[in-house]
Amino acid sequence: MADDNRAGGFVFQLANLKATETATITLTFPDGARREFPKNITGLAIAQGISPSLAKRTVAMALDGELADLNDPIAQDARIEFVNRDDPRALELIRHDCAHVLAEAVQTLWPGTQVTIGPVIENGFYYDFFRNEPFTPEDFAAIEKKMREIIARDAPFTKEIWTRDEAKQVFKDKGEAFKVELVDAIPEDQTIRIYKQGEWFDLCRGPHMTSTGKVGSAFKLMKVAGAYWRGDSSNPMLTRIYGTAFAKQADLDAYLHQLEEAEKRDHRKLGRELDLFHFQEEGPGVVFWHPKGWTLFQTLVAYMRRRLAADYDEVNAPQILDKSLWETSGHWDWYRENMFAAQSAGDEAEDKRWFAIKPMNCPGHVLIFKHGLKSYRDLPLRLAEFGVVHRYEPSGAMHGLMRVRAFTQDDAHVFCTEEQLADECLKINDLILSTYADFGFTGDLTVKLSTRPEKRVGSDESWDHAERVMATVLAEIEAQSGGRIKTAINPGEGAFYGPKFEYILRDAIGRDWQCGTTQVDLNLPGLFGAFYIDADGAKKTPIMVHRAICGSMERFIGILIEHYAGHFPLWLAPVQAVVTTITSEGDAYAKRVAEAARHAGLRVEIDLRNEKINYKVREHSLAKIPALLVVGKKEAETHTVSIRRLGREGQTVLPLTEALAALVDEATPPDLKRARQREAAE
């Protein structure tokens, strides 16, 4: 409600809040009102003093932006907000509480089951259980039924502080060996918090909502998986039950629909069906591109090359470099566990050197910049590379094209002066946004500025300058977009060498993907001694801006496959049209049509099989062929084609030249179409 967090104008009933101590605290409400309260007053007491209805609606409070239990005593001055169940911040609490309800339900149904941990994760939560017989999805109905009973009881969440010894003894007596371990793992300077919901309790940091009833009914158990205790294969295997929960049933329904759509669009499934690529054990985490998939890959690369041609110089740095280079860059210390390294096999002592396969292109580009003297007049210097990089990913983390061990980056590095930095960031922004629009990502898009992390290199002064410039650029991005682009700050999430922009696009079914980045590097050029000669003749270290638009080309193709559900726009489609016949009488004409289409620049296949036309149409539709050019005796006599378009009803009969001209126009990449329109206008 609009007045939930307003303090001005209400009469606070302090009659039941008199404290024996005279100490007071000052709380600031969202509307700016400041009021004094007895020290250690609870959020619930304050809410009740404002209005009983507010207290009933409120499930938690935020103190200086941090969520806390509504019943927590407030010991010092703070900004206070009351959080109701519909507040977006409450979603994490709903899921956290639902995990506790899940654990109680499981232990009620299967006494003797041990509980371990149950964190909130993206889109839901999970809880790990130890039981001799693993749980299966067939158990979900009984568990969900028991969960609804627990929620209906609406038991309050209450917090108790226990001593370390007390907690260990209680859990030991209950046979909860994993909880005893968890208590031991809590640092000595932290309190042991126990949250109760009726008779059931758990070790937990909190916070929680006011009662189990606030979880609501919009939850669902999703799947089970095996998980080793503490992620160590030498430890016992646990059963992990995943679930999700939302504030409203409509939100849960929308999420489940999104999952259903995502399953249909899974790029791994479509990759097999459309014969684009495959993976196999002999090359874990590397892609085997098939002809159609490689055509799609090269179409993407060709588009990006054209977009960069006017402003960037394309280069190619070595794939394998001496370990010392990566030590200089800092990657050997910061990134070693993700790098592939090998020792040369020569017999001579001087040949026994360690090399690393590059996990990124930036050090090589600095060395290219250093080769030959550079002047301020040469800046900005923009170097681009479609470089293959290798990074170690655990086998359990790999996921089709989305997470691989070898991938191609549409990588670039801009070497510029401090004065040029803002303009370069804006120029990169324009390139990124127009590229995404060309690929059909015209919906919500977010640009986040990630600021200095706790562990970083460089002086505070250089970070201050870089963050100030990027904050100004971020404001300009938002202003230029007219509100279409959302912006946000990610405090502490910058790279160790500088702040960065992250570009997050939204696909056709509402999923967000982080793709493009603009990263300001305050460190690498100086580590390698890179410099340019300034106008006054002095040596000066350039600023280096790392830039990626697609990021990983493999991953971006995976996103495109799922965004379009394999039904690519004509300019991207690996096969743009198939010429097929009704009967063999049309074979000769079909060959002439296919030849004319290829001559016009279309990617065309021909189907002369002795099959019924309806069978052919269905088969090519399943293969997501955008256009079918159907010909027979009549079309041969009239020099026409019958066009069937994927996803559309009926067919259109056109003269061959007119049909090919229309398809060629549609198949023209958007950047080339814009260039031709500009030429025509001039």
Ring centers of [X], [Y] separated by less than 6.0 Å:
| X | Y | value |
| --- | --- | --- |
| Y255 | F246 | yes |
| H290 | F277 | no |
| Y127 | F125 | no |
| F439 | F556 | yes |

Next on the checklist: Can you tell me how far apart CG (D128) and CG (L238) are? Round to the nearest 0.5 Å.
Outcome noted: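 The CG atom of L238 is 5.0 Å from CG of D128, to the nearest 0.5 Å.
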Next on the checklist: Would you compute the distance between atom NE2 of H546 and atom CG of N361 and round it to the nearest 0.5 angstrom?
Outcome noted: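 Interatomic distance, H546 NE2 to N361 CG, rounded to 0.5 Å: 10.5 Å.
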Checklist entry - Hey, which of M544, E385, Q519 is the one that makes side-chain contact (heavy atoms from CB on, under 4.5 Å) with C362? => result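 When M544, E385, Q519 are each tested with C362, the side-chain contact (heavy atoms from CB on, under 4.5 Å) holds only for M544.
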Item to check | For T581, all residues meeting side chain to side chain contact (heavy atoms under 4.5 Å, CB included), sequence neighbours excluded | outcome: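 Here the qualifying residues are D587, A590, L608, K616, V631.
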What pairs with [X] under salt bridge (charged side-chain N to carboxylate O under 4.0 Å, His left out), at least two apart in sequence or on another chain?
| X | result |
| --- | --- |
| R674 | D438 |
| E585 | none |
| E314 | R305 |

Next on the checklist: Can you confirm whether the side chains of T640 and E635 place a donor and an acceptor under 3.5 Å from each other?
Outcome noted: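 Checked: T640/E635 side chains show no N/O donor-acceptor pair below 3.5 Å.
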Item to check | Pairs satisfying ring-ring contact (aromatic ring centres under 6.0 Å, His included), at least one member in residues 583-628, at least two apart | outcome: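 The answer is none; no pair qualifies.
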Checklist entry - So do the side chains of Y303 and L572 get within less than 4.5 Å of each other, counting heavy atoms only? => result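 They are not in side-chain contact.
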Checklist entry - Can you list every pair that meets salt bridge (charged side-chain N to carboxylate O under 4.0 Å, His left out) and has a residue in residues 639-651, with sequence neighbours left out? => result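 Found R645-E666.
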Item to check | Lys/Arg N to Asp/Glu carboxylate O, K448 vs E502, below 4.0 Å | outcome: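 So K448 does not pair with E502 through a salt bridge.
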Checklist entry - Step by step, would you call K358 with Q319 a side chain to side chain contact (heavy atoms under 4.5 Å, CB included)? => result CA-CA 6 Å; K358 65 177 178 179; Q319 192 73 24; 3.8 Å; yes
Item to check | For the student: nearest non-hydrogen atoms of C550 and L300, plus distance | outcome: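 Closest approach of C550 to L300, heavy atoms only: SG-CD1, 4.2 Å.
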